[in-house]
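Only a predicted model underlies this, so the values are computations on that prediction, with no experimental measurement involved. Sequence positions, counted from 1, serve as the residue numbers for this chain.
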Amino acid sequence: MQKEFHTLLSLDEARRIILAAAPKAGEETVPLERAAGRVLAERVVSKIDVPGFDRAAMDGYALRSAETLEAREDRPVPFALVGRVPMGRTPEVVVREGEAVEVSTGSMMPAGADAVVMVEHAEVAGSTLLIRRAVHFGENAHRAGGDVAFGETVLLPGRRLSAREVGLLAAVGRREVLVRSLKVAVASSGDEIVPPGSELLPGRIYDINSYSIAAAVEECGGTPQILGILPDDPDSMAEGLLAMAEESDLVLVSGSTSAGIGDMVYRVVEELGEIKFHGINLKPGKPTLFGTVGDKPIIGLPGYPTSALTVFGLLAAPFIRRAVGTEYLAPRARGRLARPVRSEGRRQMLTVGIVGGWAYPVDKGSGSITTLALADGFIDIPDRVEHLDRGEKVLVQLFGNAPEAALLVEGEDCPRLESIAAALPFEIRVVATGSRRGAISAEDGVADIAVVSRSVGQEPLWDDGVLEPVGGYRRELVMMAEDPEILDLAGADSKVVGWSRDSEMSRIWRRVLADSGHPSAKLIGQARSHAAVAAQVLAGRADLGFGVREVAQEAGLALRKVAEDEIMFLVRRDKRDLEAVRAFLEALESQENCRKNKYQNRRWKS
């Protein structure tokens, strides 16, 4: 007997029911070679400097830059060539006055040298080297920790691991990584379905959906398990569904979900568990079902490949992303409709291709394989819309190709950004380039939010006709050390962590040193984050550091206040109302309220 769809659920209600059932993802440790595409479940902090030594950035000759200042094409400066540094070997030679050593790209810099003259600007005459071009300090050389400093946070939980992140994990020495895990069992149903590569007898078709849906699961951050083809036999199907539920966190089955005589997924699910809904007011996707087998959720997708992938994107993908924390990666693109479209009365998902910003319909019917091949995604046409004009702006939900992070935050290092990022439902990219560069980037419309450090009383570093402050706070800047006796900078031999020259911290730090009477402190590297400063002091790599009070306190270090600054968050006026920017500002405000409440509670208890 055929079933009739008496009541069709709206798509929004169906999505609400499904998302309410989304579990929290588990965790598993995987080797680096299997980490690509997974979602990070841990905060990754570098335990080494990258590079781990001062190294040459060019083929050439390592020497003292100050001795090249007079070098010209017509007046070369002679140096004694006293040796070479092989790749992967520790230099056995020290560069002294008037000497140079041959180096290769990537080889260690010999002691005494601070720059490299490229080979094309030098000439060898026996044991004499003629330099025809001056170099400045650090030119053509990479300092230890110049890419990643010891103690620096390189990746945060929730980051989708691509080739870039995997390379970064390898660079800091990680062999394994903790990732989020959601196991999704995938199967197709129907006696007409056979595995690809099998002999294709009359009336049979290859299994498309198991492989396209499994690939889509992986793109969302889930771990797919293809568990074969379920035959149109109640007992065999029940056995298969129970096995899938036992091995997974979510079951996805395509086909046999409609109301025809031979369609039996809904019947078997009713016997094994519970059906939450069956039927959506949607084209394509009317026979979609959702329920449970045992205690595991099951989504029944349509059998036609394009319909299955479309409904997956509408319902299963949000479920998986909610569980593993990749909702921010829902792939979308904006475009303009290439030709007019007439809808059919109920909510419709129209498949489109995208070229040059134009979205053109490619829908040839749910069963068309060429529709799947030509489509980049689909647009959502509400049931109240009967006509869309050519040139109308549309939002395309893509079948793949996840976009970049939702927000670019650029400027000064701010430890509080980690907790803000963790509170957001999407990924943000945080780039510590310093206050001035951050402000310029935001003024140019590249960065969405600039983070600027301003000393008390200092004039704005930004164009206040373009950028406006949307939040900020004052912070105490301190000297930090394990030995409180050296916090006054009296120890002449103390090793001190410096700051990147682009950071406003570098300027404030130099002023602190000058005011203390120790402008030429012994710097042992440059940090780009406050956390890295504290980590290096705590590890004994440096005696003293300069940074924010909260980081020093968290590390348990002795501290002494030496300065204050104000952190300002700036946005372009035309970006203030962007959804992602508003979400960032709400998270910022929520964090500040939490800190005020904690402070008031501490005062009340005391």
A.B. asks: Please report the shortest heavy-atom distance between Phe79 and Glu99, naming the atom on each side.
C.D. replies: CD2-O, 3.6 Å
A.B. asks: Report yes or no: is the cationic atom of Arg143 (NZ for Lys, CZ for Arg) closer than 6.0 Å to the six-membered ring centre of Phe53, at no more than 45° off its axis?
C.D. replies: no
A.B. asks: Do side-chain atoms of Glu418 reach the backbone of Pro415 as a donor and acceptor pair under 3.5 angstrom?
C.D. replies: no
A.B. asks: With no hydrogens and no angle check, is any side-chain donor or acceptor of Glu152 less than 3.5 Å from a backbone partner on Val45?
C.D. replies: no
A.B. asks: Does the pair Glu566/Arg474 count as a salt bridge with the N-to-O cut at 4.0 Å?
C.D. replies: no
A.B. asks: So, Thr153 versus Arg43: side-chain donor-acceptor pair below 3.5 Å or not?
C.D. replies: yes
A.B. asks: Would you check if Val166 and Leu32 make a side-chain contact, meaning some heavy-atom pair closer than 4.5 Å?
C.D. replies: yes
A.B. asks: So, Thr105 and Asp59: side-chain donor and acceptor under 3.5 Å apart, yes or no?
C.D. replies: yes
A.B. asks: Before giving the answer on salt bridge (Lys or Arg N to Asp or Glu O under 4.0 Å), spell out for Asp574 and Arg572 the whole-Å C-alpha distance, their side-chain angles and the decisive distance to 0.1 Å.
C.D. replies: CA-CA 5 Å; Asp574 56 359; Arg572 280 178 62 106; 3.0 Å; yes
A.B. asks: Taking everything shown except Lys575 itself, do over 12 heavy atoms lie less than 6.0 Å from its NZ?
C.D. replies: yes
A.B. asks: Within the 4.5 Å heavy-atom criterion, are Leu544 and Val537 side-chain neighbours or not?
C.D. replies: no
A.B. asks: Please answer whether the main-chain N or O of Ala447 pairs with a side-chain N or O of Ser441 as donor and acceptor at a distance below 3.5 Å.
C.D. replies: yes
A.B. asks: Kindly give the heavy-atom pair with the smallest separation between Gly498 and Trp509, and that separation in Å.
C.D. replies: CA-NE1, 4.0 Å
A.B. asks: Under 3.5 Å, side chain of Asp54 to main-chain N/O of Ala144, donor-acceptor pair present?
C.D. replies: yes
A.B. asks: Go through the steps to decide whether Thr223 and Glu218 satisfy the test side-chain hydrogen bond (donor to acceptor under 3.5 Å, both in side chains), and finish with yes or no.
C.D. replies: CA-CA 6 Å; Thr223 305; Glu218 197 162 26; over 6 Å; no
A.B. asks: Quick check: does any side chain N or O of Arg582 sit under 3.5 Å from a backbone N or O of Arg576, one acting as donor and the other as acceptor?
C.D. replies: no
A.B. asks: Is there side-chain contact between Leu407 and Ile449, with at least one heavy-atom pair below 4.5 Å?
C.D. replies: yes
A.B. asks: Look at atom CD of Glu28 and say whether more than 12 heavy atoms of other residues, nucleotides or ligands are closer to it than 6.0 Å.
C.D. replies: yes
A.B. asks: State whether the number of non-hydrogen atoms from other residues, nucleotides or ligands found under 6.0 Å of Glu120 atom CD is greater than 12.
C.D. replies: yes
A.B. asks: Please check if the side chain of Asp114 supplies one atom and the backbone of Ser65 the other of a donor-acceptor pair under 3.5 Å.
C.D. replies: yes
A.B. asks: Quick one: does Glu139's side chain have a donor or acceptor within less than 3.5 Å of a partner on His136's backbone?
C.D. replies: yes
A.B. asks: Taking the side chain as every heavy atom from C-beta outward, state whether Glu482 and Leu538 have any atom pair closer than 4.5 Å.
C.D. replies: yes
A.B. asks: Using a cut-off of 6.0 Å, state whether more than 12 heavy atoms not belonging to Arg133 lie near its atom CZ.
C.D. replies: no
A.B. asks: When you check the gap from the basic side-chain N to the acidic O, do Arg64 and Glu97 get nearer than 4.0 Å?
C.D. replies: no
A.B. asks: Taking atom CD as the centre, does Glu92 end up with more than 12 heavy-atom neighbours from other residues, nucleotides or ligands that are less than 6.0 angstrom away?
C.D. replies: no
A.B. asks: Quick one: pull up CZ in Phe546 and NE2 in His530 and give me the separation to the nearest 0.5 Å.
C.D. replies: 8.0 Å
A.B. asks: Can you name the one residue among Pro110, Ser107, Pro91 that meets side chain to side chain contact (heavy atoms under 4.5 Å, CB included) with Val101?
C.D. replies: Pro110
A.B. asks: Checking the side chain of Arg38 only, and the main-chain atoms of Arg180 only, is there a donor and an acceptor separated by less than 3.5 Å?
C.D. replies: yes
A.B. asks: Is there side-chain contact between Leu63 and Thr68, with at least one heavy-atom pair below 4.5 Å?
C.D. replies: yes
A.B. asks: Can you name the closest pair of heavy atoms from Cys220 and Ala317 and give their distance?
C.D. replies: SG-CB, 3.6 Å
A.B. asks: If you take all heavy atoms of Ala481 and Asp543, which pair is closest and at what distance?
C.D. replies: CB-O, 3.2 Å
A.B. asks: Any donor and acceptor pair, going by atom type alone, linking the side chain of Ser435 with main-chain N or O of Ser453 inside 3.5 Å?
C.D. replies: yes
A.B. asks: Would one find more than 12 heavy atoms of other residues, nucleotides or ligands at under 6.0 Å from atom CZ of Arg501?
C.D. replies: no
A.B. asks: Before you tell me yes or no, could you show the steps for Asp565 and Arg475 under salt bridge (Lys or Arg N to Asp or Glu O under 4.0 Å), namely the whole-Å CA-CA distance, both residues' side-chain angles and the distance that decides it to 0.1 Å?
C.D. replies: CA-CA 6 Å; Asp565 76 340; Arg475 58 186 188 177; 2.8 Å; yes
A.B. asks: Okay, side chain of Asp49, backbone of Phe150: is any donor-acceptor separation there less than 3.5 Å?
C.D. replies: yes
A.B. asks: Could you tell me whether the side chains of Glu27 and Ser181 share a donor-acceptor contact shorter than 3.5 Å?
C.D. replies: no
A.B. asks: Could you check whether atom CZ of Arg437 has more than 12 heavy atoms from other residues, nucleotides or ligands sitting under 6.0 Å from it?
C.D. replies: no
A.B. asks: Could you report the tightest heavy-atom contact between Ala115 and Gly138, atom names first, then the distance?
C.D. replies: CB-N, 4.1 Å
A.B. asks: Please report the shortest heavy-atom distance between Asp463 and Glu443, naming the atom on each side.
C.D. replies: N-OE2, 2.7 Å
A.B. asks: Please indicate whether Arg560 has more than 12 foreign heavy atoms, meaning atoms of other residues, nucleotides or ligands, lying under 6.0 Å from its CZ.
C.D. replies: yes
A.B. asks: Return each pair, listed once, that meets side-chain hydrogen bond (donor to acceptor under 3.5 Å, both in side chains) where at least one residue sits in residues 166-179; pairs must be two or more places apart or across chains.
C.D. replies: Glu33-Arg175, Glu42-Arg174
A.B. asks: What is the distance from atom CG of Leu467 to atom CZ of Phe569, rounded to the nearest 0.5 Å?
C.D. replies: 14.0 Å
